[in-house]
Protein chains: 2
Amino acid sequence: MATRAARGFGQYSGVARAIERVGERWALLIIRDLLVGARRYSDLKAGLPRIPTNILSDRLKELQEAGVIRRVPTVRGGYELTELGRTLEPVIVALERWGWSTLGQPAEGEIVTADAVALSLHAAFHAESAATAPPTEYVLHVGGISLSAMVVGDALDVMPIGPGALLQPMRRTAPEVPPSDVLELEVEPVGLRDLLAGAPGAVAVKGPPAGVSILVGGSALLARFRRTFRIDPVGPSTRTVQEPGAAASVA
Amino acid sequence: MATRAARGFGQYSGVARAIERVGERWALLIIRDLLVGARRYSDLKAGLPRIPTNILSDRLKELQEAGVIRRVPTVRGGYELTELGRTLEPVIVALERWGWSTLGQPAEGEIVTADAVALSLHAAFHAESAATAPPTEYVLHVGGISLSAMVVGDALDVMPIGPGALLQPMRRTAPEVPPSDVLELEVEPVGLRDLLAGAPGAVAVKGPPAGVSILVGGSALLARFRRTFRIDPVGPSTRTVQEPGAAASVA
DNA sequence: CGGGATCCCAAGCGATACTG
DNA sequence: CAGTATCGCTTGGGATCCCG
C-alpha cells in the first residue's frame with residue numbers, strides 16, 4: 001500500500017526526515033544500484049537477489065513518491081534517479097566507507113554484485129591521487145562478475161563487463177590506454193576488502209594481499225591502484241563535538 | 001530477542017553491511033543523539049519521544065553487540081559511542097544535510113529536540129568561514145528548547161542550556177565573548193530550516209527570514225551566523241558516475 | 001518472458017503494563 | 001530510573017499467480 005505517513009519519528013529533524021523518506025529496508029540498496037546507472041526492474045532484482053518482488057515493487061513506488069527516482073519513459077520497467085535522488089550520493093558513499101571498515105568475512109551465501117563493486121570503487125576513489133597518474137584501466141574479476149574502471153586524470157568511469165553484465169553502455173570516452181597501463185586482477189571477496197580498506201602500509205611492499213592475484217600488469221600498477229582507490233579506516237571529518245569519553249559528562 | 005542474523009541482505013557489500021548493523025529503525029537516531037554526547041536511558045527516551053521503551057532497549061543491546069556503543073560504567077543507564085561508533089559521524093552528517101534539503105513544514109505533532117538541533121549545527125558548520133570571524137556565541141531558542149553554540153576559531157562547541165537541557169556539562173573552554181559578539185535568536189522550526197538551508201542570496205540582505213527574530217545582536221551577527229552555518233542545497237561531491245539521464249543507457 | 005500483483009505466514013514494531 | 005514482559009498489529013519474506 002505504500003502507506004508510511006503514520007510511521008514517522010515525530011521529529012522535525014534532518015536525519016529523521018531523511019530516514020523516513022529513504023530509510024526503509026532495501027531502499028538505500030536500490031538507490032545504490034541506480035547511482036551506478038539506470039536499471040530495469042529485472043536488473044534491480046538480479047542485483048538484489050534476496051529482495052521479494054513485492055517489496056521491490058513497493059519501494060519503487062515509494063521512492064517515486066518521495067521524488068528520488070522516476071521511470072525512464074522509453075524503457076519498459078526502466079528506472080533512474082532524479083536530480084534529488086542523485087544528491088543522495090554522499091549518504092551512500094558514507095555508508096559504503098563505514099561498511100567496508102566493519103566488513104568481515106563474507107557470510108554463508110553472500111554474493112558480490114557488479115553495481116555494488118562499482119559503487120565501492122567510487123567510494124574509494126581519490127581524485128587527487130589519481131590525477132598524478134597517467135590514464136589507466138583497471139579490470140577486476142570478483143566472485144564471478146567483472147568490471148572495468150577507467151581512470152583518466154581525476155575522472156573515474158566504472159562499468160560492468162563480460163557475460164554477467166547487467167547493461168553494456170558505450171564507453172563515454174574511450175582513450176586508448178597503452179597495455180603498460182592496464183592492470184587486471186582476479187580478486188576474492190575478502191581480497192577486495194583488503195585491497196580497498198586494508199592496512200595502507202602494505203601497499204605493494206610485499207606484493208598483492210592474500211586473495212588478490214595479478215592477471216595482467218606489474219606490482220607498480222598495483223601500487224597505483226592502491227593509491228587511487230582506498231578507504232581510509234576512520235572518518236576523516238573534522239570533529240568538534242564534545243568528547244563523550246568522560247563519564248563525568250553524564251550525571 | 002535482538003536476533004537479526006537471518007535478516008541480512010545476502011550481499012558482501014559495504015552499504016549492505018552498514019545497514020545491517022545500524023540501519024534498523026530508530027538506530028541512527030539513537031546514534032545521532034549520542035554523537036552530541038553521552039546520554040542516559042531516560043535522556044534518549046526524552047529525545048526520541050515516540051520510541052517504545054522495548055525498542056529502545058533492543059536497539060541499545062544490538063548496537064552494543066555491533067560495537068558502536070558501550071555503557072558508561074560509572075553511570076546507571078549511561079551510554080556512549082565507541083570509537084567505531086564515532087566514525088559514523090559522516091553518515092549522520094550526510095543524512096542530516098540531505099534531510100534538511102527535503103524538510104518541508106513540520107508535520108502535526110512533530111517536535112524539535114536539543115540534540116537534533118545540536119547535530120544540525122554541526123552538519124551545517126563551515127570551519128573555514130568560521131575561522132575568519134572573532135570568537136562568537138550563538139544562542140538559539142527553538143520550539144521550547146535552547147542551546148548555545150560557541151565558535152572560537154575553527155572550533156564549534158554546542159550545548160543544550162536552560163530548563164529543558166538534558167545535561168549541563170561544564171563548558172570546556174569558556175573564553176569570555178564580548179557582548180558585541182553574542183547573537184541570540186528566537187526561531188520557529190521552519191525558520192531554522194530557512195536559516196540553515198535557505199537560499200544563500202538572502203543572507204542578511206533583507207534582515208532575518210520569516211520565523212526568525214533577533215533577541216540580542218545585530219544583523220551583522222546574523223550574517224556571520226549564516227556564513228558560519230549553512231547547508232548547501234546539492235551534494236557538492238565530485239561525481240564521475242555515468243549519467244543515467246539517457247534512456248539509451250538502459251536496454 | 002519480463003514486470004509486476006496476490007496470497008499467507010513469520011518476524012518486527014508499537015502501546016501498555018509491570019518489575020528490580 | 002532502567003529496563004522486561006506481553007499482546008495486537010503492521011511489515012517484510014517467500015511462493016505463487018496474473019498480465020501484457
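Chain identifiers are assigned alphabetically (A, B, ...) following the order of the sequence lines, protein sequences preceding nucleic acid strands; residue numbering begins at 1 within each chain.
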* Please determine, by modelled atom types, if A:H122 and A:E96 share a side-chain donor-acceptor pair under 3.5 angstrom. => no

* OP1 or OP2 of C:dC13 less than 4.0 angstrom from a side-chain nitrogen or oxygen of B:W26, does that happen here? -> no

* **N/O (side chain, B:Y79) to phosphate O (OP1/OP2, D:dG3) under 4.0 Å** => yes

* **C:dG4 phosphate, OP1 or OP2, under 4.0 Å from A:K45 side-chain N/O** => no

* Asked: If we ignore angles and hydrogens, is there a donor and acceptor under 3.5 Å between the side chains of B:R59 and B:Q64?
  -> no

* Asked: Can you check whether A:R25 has a side-chain N or O nearer than 4.0 Å to OP1 or OP2 of D:dG13?
  -> yes

* Structure fact -> note: B:F9, atom CZ; D:dG13, atom C1'; distance rounded to Å ~ 13 Å

* To do: Please check the phosphate of C:dG12 (OP1 and OP2 only) for any side-chain N or O of B:R59 closer than 4.0 Å.
  => no

* Reckon A:S57 has a side-chain N or O less than 4.0 Å from the OP1 or OP2 of C:dG4? -> no

* Asked: Any side-chain heavy atom of A:I92 sitting closer than 4.5 Å to one from A:L119?
  -> yes

* What's the CD-C1' distance between A:E62 and D:dT11, to the nearest Å? -> 11 Å

* To do: May I ask you to evaluate whether B:S42 reaches the phosphate of D:dC1, defined as a side-chain N or O under 4.0 Å from OP1 or OP2?
  => no

* **Flag for A:T87-B:R97: side-chain donor and acceptor within less than 3.5 Å** => no

* Are A:Y41 and A:T53 linked by a side-chain donor-acceptor pair shorter than 3.5 Å? -> yes

* Could you give the CD1-to-P distance, from A:I51 to D:dG12, as a whole number of Å? -> 10 Å

* Quick one: OG on B:S146 to CG on B:L185, what's the gap to the nearest 0.5 Å? -> 11.5 Å

* Can you tell me how far C1' of D:dC1 sits from CG of B:D43, to the nearest Å? -> 11 Å

* Rounded interatomic separation in angstrom, taking CZ from B:R50 and P from C:dA15 -> 8 Å

* To do: Using whole Å, report how far CG of A:L56 lies from P of C:dG2.
  => 15 Å

* Report yes if a side-chain nitrogen or oxygen of A:R39 is closer than 4.0 Å to either non-bridging phosphate oxygen (OP1 or OP2) of C:dG3; otherwise report no. => no

* To do: List the protein contact pattern of nucleotides 15-20 of chain D with one symbol per nucleotide (5' to 3'): B for base contact, S for sugar-phosphate-only contact, - for none; contact means a heavy-atom distance under 4.0 Å.
  => BB----

* Is the NZ or CZ atom of A:R25 positioned over B:F9's six-membered ring, under 6.0 angstrom from the centre and within 45° of the axis? -> yes

* To do: Between C:dG3, C:dC13, D:dG13, spot the one nearest the side chain of B:E24, thanks.
  => C:dC13

* Asked: So what stems show up for DNA chain C if we need 3 or more Watson-Crick or G-U pairs in a row, all under 3.5 Å?
  -> C:1-19 with D:2-20

* Structure fact -> Minimal heavy-atom distance between A:R193 and A:L103, with the atoms involved, is CD-O, 2.9 Å

* Given atom CG of A:L60 and atom P of C:dG2, what is their separation to the nearest angstrom? -> 17 Å

* **Residue A:Y41, side-chain atoms from C-beta onward, closest of C:dG3, D:dT4, C:dG12** => C:dG3

* B:S120 side chain vs B:A116 backbone, donor-acceptor pair below 3.5 Å -> yes

* Euclidean distance, atom CG of residue A:D58 to atom C1' of D:dG13 [Å, nearest integer] -> 12 Å

* Using a distance-only test with no angle check, is there a side-chain donor-acceptor pair under 3.5 angstrom linking B:T102 and A:R21? -> yes

